[in-house]
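Keep in mind that the numbers below use all heavy atoms, side chains included, and drop hydrogens, waters and symmetry copies.
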Amino acid sequence: MSFATAFNNINTEVYNAYVFWSAVLVAKMLFMAPLTAIQRFKNKAFANPEDTNAVSRKLKPKLDDPDVERVRRAHQNDLENILPFFVIGFLYLLTDPAPFLAINLFRLVAASRIIHTLVYAVVVVPQPARFLAFIGAMLPMQYMAVKTILYFL
């Protein structure tokens with residue numbers, strides 16, 4: 001299959017779903033910075049001297065606040081998992097997948113990543129909640145990766 005043919009075969013409904021859920025995940029990732037800031041102000045746990053001085057000259061930088069670090073780890077996890085979704089989701093579009101399956105895979109990844117943040121950094125829920133949310137996104141992405149590899153083999 002030629003490069004141009006692969007792009008011409010993209011289903012509009014699937015493409016729209018990919019773009020929509022990708023934008024939702026970008027918005028979710030952008031939410032993580034203010035969430036980190038909220039934890040920093042709540043716990044007076046600032047990383048830089050100039051930030052502590054803006055609040056109080058008596059504060060010292062604090063790099064080990066558990067609440068701040070939990071949000072930062074959730075954000076790091078997003079970077080490690082959502083960014084690959086943007087790539088594999090787009091490549092999967094080029095395989096002309098069944099619309100029902102592709103749209104629901106995109107939804108599952110997005111919902112799982114949102115739930116992952118909620119149970120990890122917003123309202124801490126014991127395991128296996130975070131693991132299930134992680135797997136809820138990882139398995140569909142692995143499926144898309146394998147289907148894409150086999151399609152273009």
Side-chain angles (χ1 to χ4, degrees), residues 1 3-48 51 62-153:
M1 172 178 292
F3 182 75
T5 306
F7 281 93
N8 290 336
N9 288 338
I10 294 176
N11 179 295
T12 303
E13 184 182 12
V14 175
Y15 176 76
N16 288 345
Y18 167 75
V19 170
F20 174 81
W21 290 110
S22 292
V24 166
L25 288 172
V26 167
K28 180 245 165 299
M29 285 176 48
L30 291 172
F31 170 72
M32 297 305 290
L35 187 59
T36 303
I38 289 167
Q39 291 300 326
R40 287 194 184 284
F41 277 95
K42 182 178 118 186
N43 297 317
K44 294 183 176 41
F46 302 100
N48 302 302
D51 299 335
K62 184 176 180 186
L63 301 173
D64 61 352
D65 183 83
D67 295 333
V68 173
E69 290 307 308
R70 179 174 286 276
V71 175
R72 287 173 37 84
R73 286 191 306 272
H75 195 177
Q76 178 68 36
N77 194 276
D78 281 348
L79 295 171
E80 294 167 357
N81 291 280
I82 292 175
L83 296 178
F85 166 75
F86 297 149
V87 175
I88 198 56
F90 182 77
L91 296 175
Y92 181 63
L93 286 175
L94 302 177
T95 69
D96 193 25
F100 177 82
L101 177 60
I103 291 166
N104 284 303
L105 288 172
F106 299 155
R107 286 175 179 156
L108 181 57
V109 170
S112 294
R113 291 310 309 171
I114 292 166
I115 292 168
H116 183 272
T117 295
L118 292 174
V119 302
Y120 191 17
V122 178
V123 179
V124 179
V125 177
Q127 288 285 24
R130 187 179 46 170
F131 173 76
L132 293 173
F134 174 80
I135 289 298
M138 186 55 63
L139 291 178
M141 289 194 299
Q142 288 177 339
Y143 172 82
M144 288 186 278
V146 169
K147 290 296 283 188
T148 302
I149 290 166
L150 293 175
Y151 184 86
F152 286 102
L153 187 63

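Here the straight-line distance linking atom CD1 of I135 with atom CE of M138 works out to 7.0 Å at 0.5 Å rounding. Rounding to the nearest 0.5 angstrom, the gap separating the NZ atom in K28 from the OG1 atom in T117 is 2.5 Å. Rounding to the nearest 0.5 angstrom, the gap separating the CZ atom in F100 from the CG atom in L105 is 9.5 Å.
Scanning all heavy atoms of the two residues, the minimum distance from M141 to F85 falls at SD-CB, 3.3 Å. Heavy atoms only, all atoms of each residue included: L94 and Y151 are closest at O-CE2, 3.7 Å. Between L63 and E69, the shortest heavy-atom contact is O-OE2, 3.3 Å. I115 and A133 get closest at one heavy-atom pair: CG2-CB, 3.9 Å. Between L108 and G136, the shortest heavy-atom distance links the atoms CG-O, 3.3 Å. Nearest heavy-atom pair, P140 versus V109, reported as atom, atom and distance to 0.1 Å: CB-CG2, 3.7 Å.
A 4.5 Å side-chain heavy-atom check between K147 and T95 finds every atom pair outside the cut-off. In this structure, the side chains of I114 and V24 come closer than 4.5 Å at one or more pairs of heavy atoms. Residues V14 and L93 have side chains in contact (heavy-atom distance under 4.5 Å, counting atoms from C-beta outward). F106 places none of its side-chain heavy atoms less than 4.5 Å from the side chain of S22. Here the side chains of I88 and Q142 are not in contact, with every heavy-atom distance at 4.5 Å or above. Residues I103 and R107 have side chains in contact (heavy-atom distance under 4.5 Å, counting atoms from C-beta outward). Residues V68 and K62 fail the side-chain proximity criterion, which asks for heavy atoms closer than 4.5 Å. Contact check for R40 versus D65: no side-chain heavy atoms found under the 4.5 Å cut-off.
Ring pair F41/F46 is perpendicular by interplanar angle, where above 60° counts as perpendicular and below 30° as parallel. The aromatic rings of F134 and H116 sit tilted relative to each other, their planes meeting at an angle between 30° and 60°.
Side-chain atoms of Y18 come within 3.5 Å of backbone atoms of F86 as a donor-acceptor pair (strictly under, hydrogens ignored). Checked by atom type and distance alone, the side chain of R130 never pairs as donor or acceptor with a backbone atom of V125 at under 3.5 Å.
For R72, the CZ atom counts as loosely surrounded, since its 6.0 Å shell holds 12 or fewer non-hydrogen atoms of other residues, nucleotides or ligands. By the neighbour-count criterion of 12 heavy atoms within 6.0 Å, atom NZ of K44 is sparsely surrounded, having that number or fewer from other residues, nucleotides or ligands. By the 6.0 Å contact criterion, OH on Y15 is open, its count of non-hydrogen atoms from other residues, nucleotides or ligands being 12 or less.
A side-chain donor-acceptor contact under 3.5 Å links N43 and D67.
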